[in-house]
Each structure stands twice: as C-alpha cells, then as structure tokens.
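Note that ligands are numbered from 1 as they come in the structure, with each ligand's atoms numbered from 1 the same way.
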Amino acid sequence: MSDGLEEPMGLRHLTSIHDLDDGDLAGLLDRAAFFDREPAPRSAAMLEGRIVCTAFFEPSTRTRLSFEAAAHRLGARVIGFTDPATTSSAKGETLEDTIRMLAGYADCIVMRHPVKGAADRAKAVSSVPIVNAGDGPGEHPTQTVLDLYTMRKHKGTLAGLKVGLVGDLKHGRTVHSLVPALLRVGAKPVSVAAPGLELPKELAAKCPASTLDEAAAACDVLYVTRIQKERFADGKEYDAVKGSFVVDAALLKRTKSQAIVLHPLPRVDEVATDVDALPAAKYFDQARSGVPVRMAVLASLLEKSA
Ligand code: CP
C-alpha cells in the first residue's frame, strides 16, 4: 500500500498510455488512493520549489484545473496559459520553439493541443517531462488512469470487468488510451459506436461491437463519451450523428443492478440529467478523482529530482 512517498518510478514523460508498464500503472493507482485518503499528507511539500507549466492550446475545465490543484497540493507553483492566442504561437512560433522556452521556465509541462502527435513532438525537444493532457483525437493517458481508478474504487477490481464504451469512439481520445489499458488489466471492453464513429481499426479488432441495449444488459460499467463536434470538418456530418445515444434513467432500469455510469465529461446530452441522482452515476466522482490521480502523476514524474 502506498504512503505517497515511496521510491519514484522511472517515468520520464507521459504522452501515451503505453509509457506506463503494468507496475507503473498499479503504482499510480495505489498512490492516487493514498492521496485520495490524505489530500494534504506529510508529502504536502514534496514538490516545494518546483514549477509546473500548464500549456493549454485547447479548452479544458477538469484536466487543467485538476492538474493545477494537484500541483498546489504537493507544494509546487504553477504557470501557464489557457488561450494560445495570448502567446507567441499567434505570431507564428512553432510548437517546438514554444516548448523549448517553457522547458527553461518550468520543471514539467502539462500540455493539451488540438493536433494528434503534438505531445510526442514536444517530448522530442523538451528537457523536462511532458504530460499529454490530450492531443486532438490522439490520446489522454492521465484520464485513463483516473478512469481505471474510479472503476476499481467502485467495482473493487478491474480484471474481468465488462466495460461498454459508448459514443464517439473515432475522435474520443479518452477511449484510445482506455482500451489498451482495459485489455492489459484483464477487463473486457465492448464498443457501442455512433454511426461512422467506430474505434480505429487496430483497437476495434480487440473490442467487439455491441448495441447499446446489449451493452446495458451485460456490462458492469457504461463509459459514455460525447460526440466531438469540434473534430468534424463539416457541421452537417455532426448533425447527422448527434444524439445517436442517450443513457437515461429508463435505460438504467435494464442494466445489471450494480452497474455504474462513467463519462470523462463534459457531456452534452448523451447522459440525461435524470441519471445524476441515481447510485449508478459516478461521473462527478470520476472527475473529482482527477486531483489525487494527477498528484500521483506529478509526484512520480518530479520527486526524483526535487
Ligand atoms: N475529461 C476532460 O478531459 O475534461 P476537460 O476537457 O474539461 O479537461
């Protein structure tokens, strides 16, 4: 069991879920559980004197603010931006040059960017750890750690869990990190994709397709995702698929009795508000868990050289 202060893992960057081996993943989950129990532990000064940069080239509520709260809880200070129009990227500075600058100002860069692969481009030029907080339709690895954390917390185990992934599985970066992680821990994901928004081929091959009704009846976890309007080049294509799936209280009457509903958020209309008060609704707790999980991530990346 973690005490929050154990030997750091050898993690240098976290741009993909594949950066974490099984031991790293288990260590982060245990460490997050410690920080969840003790948000202001004796490790509160663990990152004192360190600076975390949150470089957000795309909007965010949960990821940025939970990373910033996590940094503050560990004693670090935070710099960053939320609107790239206020930075010199608006004058044509390349991502690589921006990252080189930020690496001179901070000890870690948590970045979100609209372009898939941007975090790996940043990693290639950064002298400090890069955390991918979402790269377009690419990946969102720390979201996966908190998704697994929430599943384990509420279901007691990950091995054998049946997880129905619902919605925009093409553009949804959270599921692109989540599917490989679920498979590694022995869970059984099935996909319920909106038309034309199926998982990328290599993930779809490992994740059988299902209908929403079949998944609702069979799954322990329904992981619902938003149709990612901002990823559509043509608004008409979005209009054709929006509202494809709605998880509501009526549907939940047909789920297993202990099934839970997760969503990385934000939601639009794919989880009806009549679900919010039901015991199955765990998505707000899932978002809250972003702080202890990201404390675990930052501590694991930074304490070695603190
Ligand atoms: N889940 C998630 O990434 O939320 P934000 O876009 O608000 O950060």
Report summary line: Ala76 meets the side-chain contact (heavy atoms from CB on, under 4.5 Å) criterion, sequence neighbours left out, with Leu47, Arg50, Val52, Ala71
Report task. Would you kindly specify which portion of Leu265 sits under 4.0 Å from ligand 1, judged on non-hydrogen atoms: side chain, backbone, both or neither? Result -> backbone
Requested in this report: Do me a favour and list the nearest non-hydrogen protein atom to atom 7 (O) of ligand 1 with residue, atom name and distance?
Outcome: Thr61 N, 2.8 Å
Query raised in the report: Considering distance alone, does some N or O of Pro264 sit under 3.5 Å from an N or O of ligand 1?
Result: yes
Query raised in the report: Relative to atom 6 (O) of ligand 1, which among Glu58, Arg112, Arg62 owns the nearest non-hydrogen atom?
Result: Arg112
Requested in this report: Return yes when atom CD of Glu93 has more than 12 non-hydrogen atoms of other residues, nucleotides or ligands closer than 6.0 Å, and no otherwise.
Outcome: yes
Query - Heavy-atom donor-acceptor pair, Glu214 side chain to Leu212 backbone, under 3.5 Å - result: no
In residues 11-22, what donor-acceptor pairs under 3.5 Å come from side-chain atoms, sequence neighbours left out?
from: Arg12; atom 1: NH2; to: Ser127; atom 2: O; distance (Å): 3.3
from: His13; atom 1: ND1; to: Ile130; atom 2: N; distance (Å): 2.9
from: Thr15; atom 1: OG1; to: Asp19; atom 2: OD2; distance (Å): 3.3
from: Thr15; atom 1: OG1; to: Asp120; atom 2: OD1; distance (Å): 2.9
from: Thr15; atom 1: OG1; to: Lys123; atom 2: NZ; distance (Å): 3.4
from: Ser16; atom 1: OG; to: His18; atom 2: N; distance (Å): 3.0
from: Ser16; atom 1: OG; to: Glu139; atom 2: OE2; distance (Å): 2.8
from: Asp19; atom 1: OD2; to: Thr15; atom 2: N; distance (Å): 2.8
from: Asp19; atom 1: OD2; to: Ser16; atom 2: N; distance (Å): 3.1
from: Asp21; atom 1: OD1; to: Gly23; atom 2: N; distance (Å): 3.0
from: Asp21; atom 1: OD1; to: Asp24; atom 2: N; distance (Å): 2.7
from: Asp22; atom 1: OD1; to: Arg184; atom 2: NE; distance (Å): 3.1
from: Asp22; atom 1: OD1; to: Arg184; atom 2: NH2; distance (Å): 3.2

